[in-house]
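Keep in mind it's a predicted model, so treat the numbers as computed, not measured. No hydrogens, no waters, no symmetry mates; every other heavy atom, side chains included, goes into these values. Here is the naming used below: chain letters follow the sequence lines, and residue numbers restart at 1 for every chain.
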Protein chains: 4
Amino acid sequence: MRAMSNGKEVDRRRTILRAAVEVFAKKGYHGCRIADVAKEAKVAYGLVYHYFKNKDELLRSVFEAGWAGFVSRLREAAQAGSTLEEKVRGVVRVAFDSYRQDPRAVKVLILEIGRSGGRVNRGGAFAEVIQLATAMFEEARVRGELAAGADPLLCAAMLFGAIELALTAFVVGLLDRRSEESLLRARARVAEVFLRGVLPAREESWKTDRSNIRQKADGPS
Amino acid sequence: MRAMSNGKEVDRRRTILRAAVEVFAKKGYHGCRIADVAKEAKVAYGLVYHYFKNKDELLRSVFEAGWAGFVSRLREAAQAGSTLEEKVRGVVRVAFDSYRQDPRAVKVLILEIGRSGGRVNRGGAFAEVIQLATAMFEEARVRGELAAGADPLLCAAMLFGAIELALTAFVVGLLDRRSEESLLRARARVAEVFLRGVLPAREESWKTDRSNIRQKADGPS
Amino acid sequence: MRAMSNGKEVDRRRTILRAAVEVFAKKGYHGCRIADVAKEAKVAYGLVYHYFKNKDELLRSVFEAGWAGFVSRLREAAQAGSTLEEKVRGVVRVAFDSYRQDPRAVKVLILEIGRSGGRVNRGGAFAEVIQLATAMFEEARVRGELAAGADPLLCAAMLFGAIELALTAFVVGLLDRRSEESLLRARARVAEVFLRGVLPAREESWKTDRSNIRQKADGPS
Amino acid sequence: MRAMSNGKEVDRRRTILRAAVEVFAKKGYHGCRIADVAKEAKVAYGLVYHYFKNKDELLRSVFEAGWAGFVSRLREAAQAGSTLEEKVRGVVRVAFDSYRQDPRAVKVLILEIGRSGGRVNRGGAFAEVIQLATAMFEEARVRGELAAGADPLLCAAMLFGAIELALTAFVVGLLDRRSEESLLRARARVAEVFLRGVLPAREESWKTDRSNIRQKADGPS
DNA sequence: GATGAATGAGCGTTCATTCAT
DNA sequence: TATGAATGAACGCTCATTCAT
């Protein structure tokens, strides 16, 4: 009984959360009314308040649910590779794949969250990711994998900026939203261009290395 | 026309617009109430509606006023230089200098716009800038100034993404907001890293070139 | 009938009722939510509705439960004494002792009831007590125990008014809530002053009589 | 212009306040919805919020507007007379006359206010009046006008209690609400009974004195 | 009987917009 | 043109009540 009702509760919560993501993505932070969420979830108005203290908490949950997974996947990617190149390619892949799997959620993360007037802790979320990547670049710098003069924090910001706006190009339709191929190509290009800017110049081995690694790491996943 | 006929009217309009930027930057899109704007502008409540049809038009004007200047300066920069390197450095400088001169306005442009849920045409504004830069990279590509395999549109997106998040790092305080020096250094670094990723490899001349150009182009302006 | 058939049920009902008094006293009529009552009674939310049709019935029950006992004790006191003086002293004692025993319940009766906007029949309850006392004064008048010109109904109203506000002085803290002694002194004073105003002038015997009776009737009980 | 619009504003405020009293008296504290007040005042919903910060402030204003006048008239009466008897008769008259002039407002004061869950400062209002009267009795005691053993604070509470419940008898219909005569008679009786209980025993002169004063002080006003 | 999730009407409050002066 | 009072739709939140288990 307990287990069953509990399962149901968790389900309901998820249903509402999903509905909130939907409405959130469709109408944006300000247009996202509790009534809409309830309707989308096919649930009574008041029930939303059974599971979430208020609108802010609901939207914060939407954000955190999406963001937490994203960040943990990022962290994994940043730790998985052995070279900076692998790490960066991993990070880029995580971002692009998140978009492929759930463009709506990424759209929310990219376009709406943080523009929520401080209700949702964008500064915090932004900082979290930046710091994660800063650490990654810092380690790389120590190992001599970073171009001279490249600042780890700036590199981190630039990396995510490049990713964000590249994805935004898809979100707003400048790039073909539905083409798997153009998405994969963009994923590879972003990593390459960024890496070239960031890695120390290793003239003779560059071309070979890059193509090798690309073949291994960036084939369609 | 009407706007031209009377200096006072234009002044009033500008006063209100400036006040709107202020409130917008301070409270964000949703917290920006007409009453606040009127109070900030020291103008009667109803007068706002003499100069702007409604809230949306006011905010669109805020956006466009800021954005238009920014875009025209960008365009100028993109056309001024003779090499891609100069152009990119020019673009980066325009962005960073806009921030130096009026961080509040940039904050609005960066953090607030788009939060308006489509009311303000973010896609359009974004597209405008991206296309501007895409053309710049396309020309460079034609002239052989772009690394093989670099896609102009993606380069454009990455450039502005890198700039945006680098500035965001200042906006949210990850980098020292008030230090002129760190701002200038970041400006140079962003351009360098980006250029290295985007220019074709010119191994032997690189170091010299870069320092020369930096001295000329990136000294405090 | 149903209420009699099962001791447990009656217990539950009483538990809930007591909890309702508690919450009622603590938070007042409007702050008294069913959820609070259930929590206070350590009973499931919905169970309240097994024992009480709705909130109104619950609160009416709270009122009636408290009021019924109070009224019956009043009636007893009004019938017990043989002289008006004894009866009045008895009535006053009942009121003050009710307060001593359960200030919270009296607080509810005094400060909260009637706030219910007609839901709880204040008029009726008020009328009941007034009529009870009116009859008492009427009998006394017939027996020549009432000062000439004193109207029984007005006397009844004045008696309870005097008692109510004297107790209110304790409830709101104008008089020392926790001092047993000041409560007993007030009890005696109220009876005395009221009786002096209401009894026919019996100059010569007054002082003696009063002190005698006070010693008998108004010592700490 | 200023003067005119200001006059209008004050008028509107008053209209709303009056409407609030009306609805308040009709439906009680809890049933008094802003929408009703607005409708009663024939005013747009939102306008109520132009003049009052929120519901609480509106109702507090209702209370204070009524109460302040009442208290100031009480204070006047308590200071006007030269003897305790005159003062008490004055106080009683003020209360009964307030009721004659605006039964609805008194009904609000008696039945609803203070039962408003602490929102309206009943304790404070109650205390104010009690202290006012306590001072009056204290002075009388010093001048030897108070019966031995009568406590000023208790006398004050009893006086207002007697008045309140006597008026309540009218409010709830136990006494004839519409008969001017019964109201005036009650007014006289309450004062007499109370005074007899409170004044020191002056056996021989009592009857004469009382009737004299009554003729002067308690004729229909 | 007992539980607490589900329902939805109701109300306070805000604020963009209009309008009389 | 300038003012700010007036309007009312919209929306977040509460909580009495019902219902499935």
Side-chain angles (χ1 to χ4, degrees), chain A residues 1-2 4-6 8-9 11-13 16 30-39 41-58, chain B residues 6 8-9 12 30-39 43-59, chain C residues 2 6 8-9 12 30-39 43-59, chain D residues 1-2 4-6 8-9 11-13 16 30-38 41-58:
Chain A
M1 225 196 314
R2 229 331 133 98
M4 186 177 170
S5 74
N6 221 306
K8 252 188 188 169
E9 274 184 44
D11 263 14
R12 287 285 218 201
R13 222 191 122 91
I16 293 172
H30 289 101
C32 175
R33 286 164 292 148
I34 296 293
D36 293 333
V37 172
K39 203 175 290 172
K42 281 167 188 164
V43 137
Y45 195 120
L47 198 61
V48 176
Y49 285 89
H50 212 70
Y51 291 100
F52 301 91
K53 203 170 124 265
N54 53 32
K55 190 182 175 181
D56 266 21
E57 204 206 274
L58 171 60
Chain B
N6 193 326
K8 252 189 188 172
E9 275 188 35
R12 285 281 219 206
H30 284 102
C32 175
R33 285 163 296 157
I34 296 292
D36 294 332
V37 173
K39 199 178 293 171
V43 140
Y45 199 126
L47 198 59
V48 176
Y49 282 87
H50 271 284
Y51 292 100
F52 301 89
K53 201 172 119 257
N54 54 31
K55 192 182 175 183
D56 268 17
E57 202 202 279
L58 171 60
L59 295 184
Chain C
R2 215 223 259 158
N6 193 326
K8 253 189 188 172
E9 277 189 34
R12 286 281 221 205
H30 284 100
C32 175
R33 285 163 295 156
I34 295 292
D36 295 331
V37 173
K39 200 178 292 172
V43 138
Y45 200 127
L47 198 58
V48 177
Y49 282 87
H50 270 285
Y51 292 101
F52 301 90
K53 201 172 118 256
N54 54 29
K55 191 182 175 184
D56 269 17
E57 202 204 277
L58 171 60
L59 296 184
Chain D
M1 223 197 315
R2 228 336 131 95
M4 187 178 170
S5 73
N6 221 305
K8 251 190 189 171
E9 274 185 46
D11 263 15
R12 286 284 218 202
R13 221 191 122 92
I16 293 171
H30 289 102
C32 177
R33 285 163 295 150
I34 297 291
D36 293 333
V37 172
K42 280 165 188 165
V43 137
Y45 197 124
L47 198 61
V48 175
Y49 286 88
H50 212 70
Y51 291 101
F52 300 90
K53 201 170 122 266
N54 54 30
K55 191 181 175 182
D56 266 21
E57 203 205 275
L58 171 60

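- Pairing for F:dA16 is with E:dT7, a Watson-Crick or G-U wobble pair whose two hydrogen-bonding atom distances lie under 3.5 Å.
- Between A:His50 and E:dA6, a side-chain N or O to OP1/OP2 separation shorter than 4.0 Å is absent.
- Put simply, the side chain of D:Ile34 does not reach to within 4.5 Å of the side chain of D:Asn54, judged on heavy atoms.
- As rounded to whole Å, 12 Å separates atom P of E:dA5 from atom CD1 of A:Ile16.
- In this entry the distance linking CG of B:Asp36 with P of E:dC15 reads 8 Å, nearest Å.
- At a threshold of 4.5 Å between non-hydrogen side-chain atoms, the residues B:Leu47 and B:His50 count as touching.
- Between E:dG12, E:dT7, F:dA16, one nucleotide has an atom nearer to the side chain of C:Arg33 than all others, and that is F:dA16.
- Between the CG atom of C:Leu58 and the P atom of F:dT17 there is a distance of 10 Å, rounded to whole Å.
- Between the A:Lys53 side chain and the A:Leu58 main chain, no donor and acceptor come within less than 3.5 Å of each other.
- In this structure, NZ of D:Lys42 is placed 16 Å from P of F:dA6, rounded to the nearest angstrom.
- The pair D:Asp36-D:Arg33 counts as a salt bridge, with a side-chain nitrogen and a carboxylate oxygen less than 4.0 angstrom apart.
- Here E:dT13 presents its P atom at 17 Å from CG of A:Asn54, a figure rounded to the nearest Å.
- Taking side-chain N and O atoms only, A:Arg12 has no distance below 4.0 Å to OP1 or OP2 of E:dA5.
- Nearer to the 5' terminus of DNA chain F, by closest-nucleotide assignment, is the contact made by D:Gly46 (compared with the other of D:Gly46 and A:Cys32).
- Judged by distance alone, the side chain of B:Lys39 and the main-chain N or O of B:Ala44 form no donor-acceptor pair under 3.5 Å.
- Nearest to the side-chain atoms of A:Tyr49 among the listed nucleotides E:dG12, F:dT17, F:dC13 stands F:dC13.
- With F:dT7, E:dG12, E:dT7 as the candidates, the nucleotide lying closest to the side chain of D:Ala44 is F:dT7.
- In this structure, A:Tyr45 places its OH atom 8 Å from P of F:dC13, rounding to the nearest Å.
- A sub-4.0 Å separation between OP1 or OP2 of F:dA2 and a side-chain N or O of B:Tyr51 is present.
- Atoms CG (C:Leu47) and P (E:dT3) sit 6 Å apart, rounded to a whole Å.
- Residue A:Ile34 is classed as a sugar-phosphate contact, given heavy-atom separations below 4.0 Å to backbone atoms only.
- In this structure, F:dT21 forms a base pair with E:dA2, meeting either the Watson-Crick or the G-U wobble geometry with both donor-acceptor distances under 3.5 Å.
- Spacing between atom NZ of D:Lys55 and atom C1' of F:dC13 amounts to 15 Å, rounded to whole angstrom units.
- Across all strands, C:Phe52 comes closer than 4.0 Å to no nucleic acid atom at all (heavy-atom distances).
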